[in-house]
Amino acid sequence: MVGAYLSSASKYFITTPIFYVNAAPHLGHLYSMLLCDFQKRWLDLKETPNYFTTGTDEHGLKVQIAAELNKTDPRLFCDNLSNKFKHLAQISDIQYDRFIRTTDADHLATVRQFWETVWKNGYIYKGKHSGWYSVSDETFYPESQVEQKDGKTVSVETGSEVIYESEENYFFKLSAFQSQLVSLYKSDPQFVIPNNYYLDLLKELEREPLQDLSISRPSSRLQWGISVPNDESQKIYVWFDALVNYLTSIGYPSSRYKEFWPGTHLIGKDISRFHCIYWPAFLMAAKVAPPEKVVVHGHWLMGGSKMSKSKGNVADPLVIGDYYGIDSLRLFLGANSILSNDCDFTERKLNDHRDLFIDKICNVVTRCISKSFDPARSVMSYSNEDMNLVWKSILERGWDGDLEKAKELNKSYDEIVDDTEQLFSKIDVLMSTFTTHKSIGEIFDLMLKVNQFVNATEPWNLKSNESLQDLSIFVALDVTRVCLILLQPFIPGLSNRLLDMIKVESSKRTATYAAFQQDSSYGQGAKFLKGSTPPLNKVPLRAGAYE
RNA sequence: GGCGGCGUAGCUCAGCUGGUCAGAGCGGGGAUCUCAUAAGUCCCAGGUCGGAGGUUCGAGUCCUCCCGCCGCCA
């Protein structure tokens, strides 16, 4: 990255947003966690040190009011909902390193420290904030954005009732950072990906003057928050508080934080302004480097429509994961993720994709280790052989006597092995931009070629020619082994179950082994007989499925 | 209203930097096989690349206008 700050991080730091605890978690929350988990596991696969955080955002008036409505203490209310997010993470096999809460003690201290730093650097001042205020939106609206409706003044945008308020707050000098923000964007066109979000933000920064930001609220209205240092009459604005979580979780203000920073934020498009404009400005005000990258994703629609509580079509990932298996949900979301788009979810699509996985990948495994073949002998015979010599001989003698067929099969073999050798590198490039649908697509494409090769070689007709039969099965098994290793970040449970079936040692499931002929120790005892339990069974569409 | 993105086969997408004037998977139709989770393999049909102009020897790809969808700001 080119810019005013040099990256000193020795660990790849990746974050989800921290989720606001005003409601139970949904598919969108899971999506953010999954994209980070895929990335983290990919980094683990190639042994890149990394640190992954997720968590909950727990202060603010909405939480305070929701707690009151539930006749409970805000703290207990937050504990309950935060646990639901932790539960979703656990059930979904999300391997975060820290689950941070904005009520955590170290966070409270860090926010105060950060505030004081920005204050001392001269970017916070007192000012008067007035306008039409919506409690539910926690937003001031200008005159042009409110209207009269049923005798009330309401926000044009959200319909919520607004009242005119005037109060003294603390302000952040966001305007002081406009040109620096433009420079940041121009110096790194990949600062925000995908490009459509980047262009939006850059154009806005170039055209619209940034208004200073009110960053506190009177304690008389907002009790559930962090007090402004040295001024108990004001509470810190939730977004200021929340964004600092990314520094809290890596040890700021201790200099230890530089081991991880700058990091990569994965966020939904609805909060891009906070993460892509305010947050970098806050950081600059504190003389801290901006993030390395902000990755923005769209939303999941339900059958083409926005999910909404009022429509009753908010997908519950726990229910879906429980029925189809969490790895099926992980795989579907990963395989259909296109960051720049809103993506469409239905259980039918999920289940069709689940069937595809069973047909195109699970079946290859059971096919190769069925009673008709000897996988152990196949691996033993070919995992260390010089395949050039093997094919030289076959091209001379023919495939089971057929010279023409030998040529065709050799060509197919070369193509498959080339693809396998390049698979890790290809996916590595794709994963650097979180392009999971193409990553998973590459694996499925290669597995298609494996089936084609097996069909072309017809090993079931080669009972009298063990050498050729074993060659066919070995190629199929070894390419499948590589694919399964590389599928681990997306479907850790299923991949490992299939790797177990072909007896790959646990220690040989890393990127080091994700190439052709890199493991000679598997296959022994790999058998799938009638009556054996398949790794995954097809199921009918769930009763009452989301469609 | 201003700004930005998108619009490719029934569906989901690929096609980046102009050059075999378009591909893949799924779905559909047909054939074949029975080593394998009723799995596999092969063949075929499906496209005004939103519309109209322009630049160019040549445009899905570049430019202009229009239509539709989505988003941001006001």
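Not measured: the values here are computed from a predicted model. By convention in this document, chain letters (A, B, ...) are assigned in the order of the sequence lines, proteins followed by strands, and residues within each chain are numbered from 1.
Residues A:F240 and A:F282 place their aromatic rings such that the two centres sit under 6.0 Å apart. With ring centers used as reference points, A:F274 lies 6.0 Å or more from A:W279. In summary, the aromatic rings of A:W239 and A:Y278 are positioned with their centroids too far apart to meet the 6.0 Å limit. For A:W42 and A:F424, the ring centers are positioned less than 6.0 Å apart. When ring centroids are compared, A:Y198 and A:Y185 come within the 6.0 Å threshold. Taking the six-membered ring for Trp and the full ring otherwise, the centers of A:F516 and A:Y382 sit at least 6.0 Å from each other. The six-membered or imidazole ring of A:F172 lies away from that of A:Y237, with a centre-to-centre distance of 6.0 Å or more. The ring of A:F444 has its center closer than 6.0 angstrom to the ring center of A:H353.
Looking at heavy atoms from C-beta onward, A:M387 lies in side-chain contact with A:V390 at the 4.5 angstrom threshold.
Here A:I358 lies in heavy-atom contact (under 4.0 Å) with a base. Within 4.0 Å of A:P535, counting heavy atoms only, lies at least one base atom of the nucleic acid. As judged by a 4.0 angstrom heavy-atom cut-off over every strand, A:H437 is placed among residues touching the sugar-phosphate backbone only. Residue A:I369 is out of contact with every strand shown, counting any heavy-atom pair closer than 4.0 Å. Within 4.0 Å of A:P459, counting heavy atoms only, lies no atom of the nucleic acid at all. In this structure, A:K463 reaches neither bases nor backbone, as no heavy-atom distance under 4.0 Å exists between it and the strands shown. Base engagement by A:T366 is indicated by at least one non-hydrogen atom pair under 4.0 Å involving a base atom.
Among B:G5, B:U37, B:U41, the nucleotide with an atom closest to any side-chain atom of A:N451 is B:U41. Residue A:D200 places its side chain closer to B:C3 than to any other of B:U37, B:C3, B:C35. Comparing B:C73, B:U12, B:C35 by their closest approach to the side chain of A:W460 singles out B:C35. Closest to the A:L448 side chain, of the nucleotides B:C35, B:U37, B:G25, is B:G25.
Neither OP1 nor OP2 of B:G25 sits under 4.0 Å from any side-chain N or O of A:K438. OP1 or OP2 of B:C26 lies within a sub-4.0 Å distance of a side-chain N or O belonging to A:K360. Within the structure, every side-chain polar atom (N or O) of A:H299 is placed at least 4.0 Å from both OP1 and OP2 of B:C70.
Because its glycosidic torsion is within 90° of 0, B:G46 is reported here as syn.
B:C44 and B:G50 are spaced 26 Å apart, taking the P atom of each and rounding to whole Å. Comparing B:C69 with B:C33, their C1' atoms are spaced 46 Å from each other, to the whole Å. Taking atom C1' on both nucleotides, B:U12 is separated from B:G27 by 11 Å, rounded to a whole Å. Only the P atoms considered, B:G10 is 8 Å distant from B:U48, to the nearest whole Å. On the P atoms, B:G25 is 13 Å away from B:G40, given to the nearest whole Å. Spacing between B:A9 and B:G71 at atom C1', rounded to whole Å, works out to 28 Å. Nucleotides B:C35 and B:U41 place their C1' atoms 13 Å apart, quoted to the nearest Å. The P atoms of B:A22 and B:G51 are separated by 16 Å, rounded to the nearest whole Å.
Counting distance only, with no hydrogens placed and no angle test, the side-chain atoms of A:N196 and the base atoms of B:G4 include no donor-acceptor pair under 3.5 Å.
Checking A:H297 against A:S32 by side-chain atom types alone, a donor-acceptor pair falls below 3.5 Å.
Taking atom CG of A:N455 as the reference point, atom P of B:U34 lies 11 Å away to the nearest angstrom. Straight-line distance from the CD atom of A:Q452 to the P atom of B:C35: 21 Å, rounded to whole Å. As rounded to whole Å, 14 Å separates atom P of B:G27 from atom NZ of A:K349. Taking atom CG of A:D342 as the reference point, atom P of B:C72 lies 10 Å away to the nearest angstrom. The interatomic distance linking A:L339 (CG) with B:C6 (P) rounds to 15 Å, in whole Å. When rounded to the nearest whole Å, the span between CG of A:D445 and C1' of B:G23 equals 12 Å. Here the C1' atom of nucleotide B:G25 and the CD1 atom of A:I338 are 13 Å apart, to the nearest Å. The distance between atom NZ of A:K527 and atom C1' of B:A36, rounded to the nearest whole Å, is 12 Å.
In RNA chain B, the stems built from three or more successive Watson-Crick or G-U pairs (distances below 3.5 Å) are B:1-7 with B:67-73, B:10-13 with B:23-26, B:28-32 with B:40-44, B:50-54 with B:62-66.
In the displayed structure, A:K405 atom NZ is contacted under 6.0 Å by more than 12 heavy atoms of other residues, nucleotides or ligands.
Where A:F373 and A:R273 each meet RNA chain B at their nearest nucleotide, the meeting point lying more 5' is that of A:F373. Along RNA chain B, the nucleotide closest to A:N195 and the one closest to A:K371 are compared, and the more 5′ of them pairs with A:N195.
Within residues 202-215 of chain A, the residues having any heavy atom under 4.0 Å from RNA chain B are, by residue number, A:K203, A:E204, A:R207.
Evaluated for a ring-ring contact (aromatic ring centres under 6.0 Å, His included) with A:Y31, the options A:W300, A:F345, A:F332 yield exactly one hit, A:W300.
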